[in-house]
2 protein chains.
Amino acid sequence: MGVVTTDDRAPDDRAPDDRAPGDRAPGDRGPGDRVPKQDRSRATRRRLLAAAVACLAERGWAGSTVSVVAERAGVSRGAAQHHFPTREDLFTAAVEYVAEERSDALRALFPQGATGDRRAVVTALVALYTGPLFRAALHLWVAASNEEQLRSRVTELEARVGRESHRIAVELLGADESAPGVRETVQGLLDMARGLGLANLLTDDAGRRERVVAQWAGLLDDALG
Amino acid sequence: MGVVTTDDRAPDDRAPDDRAPGDRAPGDRGPGDRVPKQDRSRATRRRLLAAAVACLAERGWAGSTVSVVAERAGVSRGAAQHHFPTREDLFTAAVEYVAEERSDALRALFPQGATGDRRAVVTALVALYTGPLFRAALHLWVAASNEEQLRSRVTELEARVGRESHRIAVELLGADESAPGVRETVQGLLDMARGLGLANLLTDDAGRRERVVAQWAGLLDDALG
DNA sequence: GGGGAAATTCATGCAAGCATGCTTGATTGT
DNA sequence: ACAATCAAGCATGCTTGCATGAATTTCCCC
């Protein structure tokens with residue numbers, strides 16, 4: 001299912017939310033929504049952010065030049081510069097965009113509620129760390145680790161996403177966090193997922209990942225009772 | 001005399017393994033010692049590689065320009081270009097350098113032999129994923145994931161280091177790999193270590209890491225019997 | 001409700017900064 | 001003396017940021 005929701009669309013595709021200037025999304029605008037008065041503006045802004053994330057996942061930080069992102073978004077470079085005066089503005093906004101997308105993807109796991117099948121839960125969680133969203137986030141982390149401006153925002157948002165991941169993981173696994181060690185167990189699981197996602201960066205080792213997931217899902221099942 | 005040509009490097013510049021030109025690393029080169037027969041040349045070459053790794057860990061890929069690396073190594077940019085005609089040559093060589101360093105660090109754990117204290121082993125393994133070497137490797141991976149040339153070499157070397165990590169981990173943990181699931185268990189542990197190292201990129205969460213390590217060491221102890 | 005001013009949004013051209021690679025010249029070791 | 005090694009200057013290409021101008025949208029007043 002659409003666990004990861006970034007667009008792996010064809011290069012020239014139009015974003016899903018790309019509307020003609022006139023029509024608007026169903027429940028889109030509240031009454032006092034004053035900031036972007038034009039739908040077209042919001043659309044291009046969103047397109048730029050989505051393109052930035054996509055470029056980040058596909059071409060990395062250095063390769064994601066504003067020209068590239070603008071072209072990917074189907075707008076001129078000047079338009080990009082209008083919405084985000086500086087390159088840093090663009091990517092700091094992209095950080096929040098990625099964080100939101102990841103939170104959404106995370107919450108998309110929630111409706112199922114706590115299933116008894118822990119292996120399925122672990123598989124789903126790990127899957128979150130192998131999609132393009134995680135790739136983009138990874139590039140963002142690495143870039144932010146050396147860009148003073150980005151780091152603070154990235155760490156803050158990542159902490160938020162991390163907490164939410166943990167909460168949802170506990171929920172889905174049906175773990176009793178009051179028991180000693182359970183919290184650390186789940187954290188370790190998420191760290192393992194991160195590590196599996198990182199390993200997936202260079203080589204697509206789905207087979208190995210699946211085996212590791214199966215094994216540790218079993219161990220987790222024992223540990224959580 | 002001129003041990004090193006212009007030793008006017010910045011104060012903190014000496015890499016940990018920065019040796020005098022004469023002495024070599026323990027098992028450094030076989031008899032078929034190739035191209036540079038001059039010690040000074042080898043020294044600057046090594047300095048350049050060490051500087052490249054250090055810059056990679058501290059400033060990231062984009063920030064590690066050849067000028068920066070050369071300055072860090074205490075040589076002119078032209079000298080760097082003499083040893084590594086292109087920037088890519090420099091960093092592909094740096095890849096191997098990092099791989100060797102990581103293997104050395106890994107082997108440094110070996111002399112102890114298999115101890116009964118699995119928590120200490122896990123701690124040591126995880127520690128390997130939190131140092132500057134891992135940081136450099138991380139930047140390298142992320143950069144390589146989008147640079148066609150680097151990727152093949154990085155994946156190859158990383159596979160080697162990964163196998164060695166696994167072998168040593170099995171050895172130190174006293175695990176019986178013929179038993180079903182043991183291989184995947186250890187792999188998962190290493191993946192978790194990777195994830196912890198990745199989490200350590202932005203925020204130094206040594207406390208959390210320690211708790212997770214303690215907990216997972218316990219899980220491992222149970223799983224391995 | 002309609003028309004026009006004002007503001008927003010977007011496109012294009014331009015100059016500055018920077019990194020890479022190449023070439024030339026000086027220095028050291030064999 | 002010769003070759004290798006190192007240093008410095010030069011030329012090219014790319015990216016960013018800014019400035020100007022056109023098209024579109026919103027606001028405001030009649």
Side-chain angles (χ1 to χ4, degrees), chain A residues 14 18-24 29 32-49 51-52 55-56 59-92 143 147 149-150, chain B residues 1-9 21-22 33-49 51-52 55-56 59-92 94 143 147 149-150:
Chain A
R14 297 172 73 81
D18 180 26
R19 313 183 239 307
D23 53 311
R24 51 183 52 173
R29 306 159 72 59
D33 198 345
R34 290 204 57 82
V35 196
K37 298 176 175 166
Q38 317 218 21
D39 283 347
R40 187 182 59 163
S41 173
R42 303 200 348 159
T44 61
R45 183 188 164 91
R46 196 179 194 82
R47 286 239 300 270
L48 280 169
L49 290 178
C55 287
L56 224 44
R59 315 174 58 136
W61 175 258
S64 293
T65 208
V66 295
S67 306
V68 169
V69 173
E71 189 181 9
R72 181 77 147 85
V75 302
S76 79
R77 196 173 70 89
Q81 194 142 30
H82 168 72
H83 286 278
F84 307 98
T86 174
R87 182 183 131 104
E88 190 170 310
D89 291 332
L90 171 60
F91 282 98
T92 47
E147 304 257 329
Q149 293 289 346
L150 276 180
Chain B
M1 54 174 308
V3 178
V4 271
T5 51
T6 56
D7 205 356
D8 54 355
R9 296 172 288 170
D33 202 332
R34 53 173 174 73
V35 209
K37 293 192 161 64
Q38 315 226 17
D39 284 345
R40 187 182 61 164
S41 175
R42 304 202 338 168
T44 62
R45 183 189 164 90
R46 197 176 193 82
R47 286 240 300 271
L48 280 169
L49 290 178
C55 287
L56 224 44
R59 316 174 58 133
W61 174 258
S64 293
T65 189
V66 295
S67 306
V68 169
V69 172
E71 189 181 10
R72 181 79 146 85
V75 300
S76 79
R77 198 173 70 89
Q81 196 138 32
H82 169 71
H83 286 278
F84 307 98
T86 173
R87 181 182 132 105
E88 192 170 307
D89 292 332
L90 171 61
F91 282 99
T92 48
E147 303 257 329
Q149 294 288 347
L150 276 181

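We name chains A, B, ... by the order of the sequence lines, and we start the count at 1 in each one.
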Requested in this report: Give the intermediate values and the outcome of side chain to side chain contact (heavy atoms under 4.5 Å, CB included) for residues L49(B) and F84(B).
Outcome: CA-CA 10 Å; L49(B) 290 178; F84(B) 307 98; 3.8 Å; yes

Query - Candidate pair T86(B) and F91(B), rule side chain to side chain contact (heavy atoms under 4.5 Å, CB included), full reasoning - result: CA-CA 9 Å; T86(B) 173; F91(B) 282 99; over 6 Å; no

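Atoms CG (D89(A)) and P (dT16(D)) sit 13 Å apart, rounded to a whole Å. Across the protein-nucleic acid pair, E71(B) atom CD and dC6(D) atom P stand 18 Å apart, rounded to whole Å. If you take CZ of R47(B) and P of dC6(D), they are 10 Å apart, rounded to a whole angstrom. Atom CZ in R45(A) sits about 11 Å away from atom P in dC10(C), given to the nearest Å. Rounded to whole angstrom, the span from the CD atom of Q149(B) across to the P atom of dT20(C) amounts to 16 Å.
To the nearest 0.5 angstrom, C55(A) atom SG is 5.5 Å from R72(A) atom CZ.
Sorted by residue number, the members of residues 74-87 of chain A with any non-hydrogen atom under 4.0 Å from DNA chain C read V75(A), S76(A), R77(A), G78(A), A79(A), H82(A), H83(A).
Contact annotation: T65(A) reaches the phosphate of dT16(D) (side-chain N/O to OP1 or OP2, under 4.0 Å). Remark: T44(B) is in phosphate contact with dC6(D), judged by side-chain N or O atoms under 4.0 Å from OP1 or OP2.
In R87(B), the CZ atom is crowded: over 12 heavy atoms of neighbouring residues, nucleotides or ligands sit closer than 6.0 Å.
When atom types are taken as modelled, the side chain of R47(B) and the backbone of A73(B) share a donor-acceptor pair closer than 3.5 angstrom. Listed for the S76(A) side chain is a donor-acceptor partner under 3.5 Å among the backbone atoms of A79(A).
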